[in-house]
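Order of the sequence lines sets the chain letters (A, B, ...), proteins ahead of strands, with each chain counted from 1. Just so it is clear, the structure is predicted and the values come from calculations on it, not from any experiment.
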Protein chains: 2
Amino acid sequence: MVRQPSVAAQNREPLSRDRIIEAALHIVDGQGLGRLTMRRLGDALEVEAMAIYHHLPRGKEELLDGLVAHVAVHPAPTRAAGDWQAVLRRWAGDYRARLLTHAGVLPLVVTRRNPAALGGTAASLREVLRQAGLTEQAAADGAHALLGYVIGHAALEVRGSAAAEEAVDWDTRFTAGVDLVINGLSRR
Amino acid sequence: MVRQPSVAAQNREPLSRDRIIEAALHIVDGQGLGRLTMRRLGDALEVEAMAIYHHLPRGKEELLDGLVAHVAVHPAPTRAAGDWQAVLRRWAGDYRARLLTHAGVLPLVVTRRNPAALGGTAASLREVLRQAGLTEQAAADGAHALLGYVIGHAALEVRGSAAAEEAVDWDTRFTAGVDLVINGLSRR
DNA sequence: ACCTGAACACCGTTCAAGT
DNA sequence: ACCTGAACACCGTTCAAGT
């Protein structure tokens with residue numbers, strides 16, 4: 001006869017780093033960064049908060065790093081059809097959508113020291129520009145200009161800096177800025 | 001004979017909103033946002049933490065809003081000599097310096113709903129572009145493109161997204177991006 | 001190996017009380 | 001009006017203990 005598992009482990013897939021980070025992201029997206037606590041995260045995973053430390057020994061620090069990595073890691077520019085301008089335009093739109101979907105982690109993306117995350121994104125943008133014929137230096141500068149713009153604009157959108165301003169069409173405004181940067185890169 | 005003040009009030013100027021926010025900014029700049037607590041702030045002001053609530057009834061929320069306002073409020077573009085391009089270039093440099101000096105508040109600037117702070121900055125940039133002859137729409141888009149770039153790039157710098165990258169000259173890289181945006185605005 | 005329970009030091013905030 | 005002291009609910013994290 002099969003041994004009945006303890007109540008604590010009843011029919012639940014075991015905890016894992018990925019499952020923890022996904023649950024955390026779900027909390028942040030739904031309730032905001034301020035409500036992400038180890039205890040609440042434990043509840044969401046149907047586990048005591050302390051169990052999390054077994055999978056993330058560095059605790060909450062490691063959890064937040066994981067969120068940044070999950071959101072900011074480069075979805076490489078799709079090397080599909082179109083010239084490099086179209087490739088970058090498309091990447092910018094996708095990356096912005098990604099940031100806005102997980103707006104709660106934006107403050108972490110912005111200031112957590114996490115070289116790997118944004119570094120990879122910058123590198124792949126640089127590569128697109130290098131293949132487009134820009135010098136090494138111009139490609140590196142351009143990659144950061146575009147990445148900086150996308151992140152900064154997403155931040156402005158999230159804050160909704162309007163107020164006195166009439167209703168803003170953020171989509172077209174964002175696109176206008178992207179065109180500005182890309183056109184600038186085209187005629188160097 | 002002059003009455004001796006109580007120990008608690010000994011020769012100390014009374015608490016005030018401004019003094020509180022300055023002390024908080026000092027803590028954030030020196031030790032980071034994570035170490036800004038009401039109790040520590042009270043210590044720095046030589047007062048019990050609870051006294052702060054008398055001047056900031058909304059508590060820590062109001063304190064953080066105050067920090068954002070103090071750092072992000074528009075230092076209006078200096079209407080000095082030079083064409084509008086020079087004016088914007090100078091403003092961008094100053095604003096970046098301001099953000100980097102108070103890097104600890106960047107995550108707050110990025111995501112705290114605080115319309116007044118960045119709204120004023122965006123408005124004065126828009127005005128410069130409007131007077132330069134851009135259409136209302138182009139001026140509004142351009143103002144956000146520049147502001148977004150400056151904030152986003154400052155964020156990239158703070159994170160030090162390098163790592164695999166050779167030593168980066170952030171100053172020239174930042175300037176290159178500013179030129180990119182401003183040149184784009186010039187030849188619309 | 002994986003999780004729990006109790007404990008510790010520390011938060012933000014309230015409220016009645018002092019002056 | 002301005003500040004204090006005690007208290008409350010809630011943090012992140014440790015550590016020994018369970019299975």
Are [X] and [Y] within salt-bridge range, i.e. N to O under 4.0 Å?
| X | Y | value |
| --- | --- | --- |
| A/E127 | A/R130 | yes |
| B/E157 | B/R173 | no |
| A/R17 | A/E22 | no |
| B/R89 | B/D94 | no |

What is the separation between atom [atom1] on [X] and atom [atom2] on [N], rounded to the nearest whole Å?
| X | N | atom1 | atom2 | answer |
| --- | --- | --- | --- | --- |
| A/L45 | C/dC3 | CG | P | 10 Å |
| A/H54 | D/dA17 | NE2 | C1' | 14 Å |
| A/I52 | D/dC15 | CD1 | P | 18 Å |
| B/I20 | D/dC2 | CD1 | P | 11 Å |
| B/M50 | D/dC8 | CE | P | 14 Å |
| A/L56 | C/dC3 | CG | P | 12 Å |
| A/E48 | D/dT14 | CD | C1' | 15 Å |
| A/Y53 | D/dT13 | OH | C1' | 5 Å |

Quiz item: Which pairs pass ring pair (Phe, Tyr, Trp, His ring centres under 6.0 Å) with one or both residues in residues 17-65 of chain B, sequence neighbours excluded?
Solution: none
Practice problem: May I ask whether B/L64 and B/V73 are part of the same hydrophobic cluster, defined by side-chain heavy atoms of I, L, V, M, F, W, Y residues being less than 4.5 angstrom apart, directly or through others? | Solution: no
Practice problem: Pull out every stem in DNA chain D, meaning runs of 3 or more consecutive Watson-Crick or G-U wobble pairs with both distances under 3.5 Å. | Solution: C:4-8 with D:12-16, C:12-16 with D:4-8
Quiz item: How about B/W91 and B/V128: do any of their side-chain heavy atoms sit closer than 4.5 Å?
Solution: no
Practice problem: Check each residue of residues 32-42 of chain B for a non-hydrogen atom within less than 4.0 Å of any atom in DNA chain C, then write out the ones that pass by number, or none. | Solution: B/L36, B/T37, B/M38, B/R39, B/R40
Quiz item: For C/dA1, does either OP1 or OP2 sit under 4.0 Å from a side-chain N or O belonging to A/H55?
Solution: no
Practice problem: Determine whether more than 12 heavy atoms belonging to other residues, nucleotides or ligands lie under 6.0 Å from atom CZ of B/R90. | Solution: no
Exercise. Measure up the A/Y149 and A/H153 rings against each other and bin them: parallel (under 30°), tilted (30 to 60°), perpendicular (over 60°).
Key: tilted
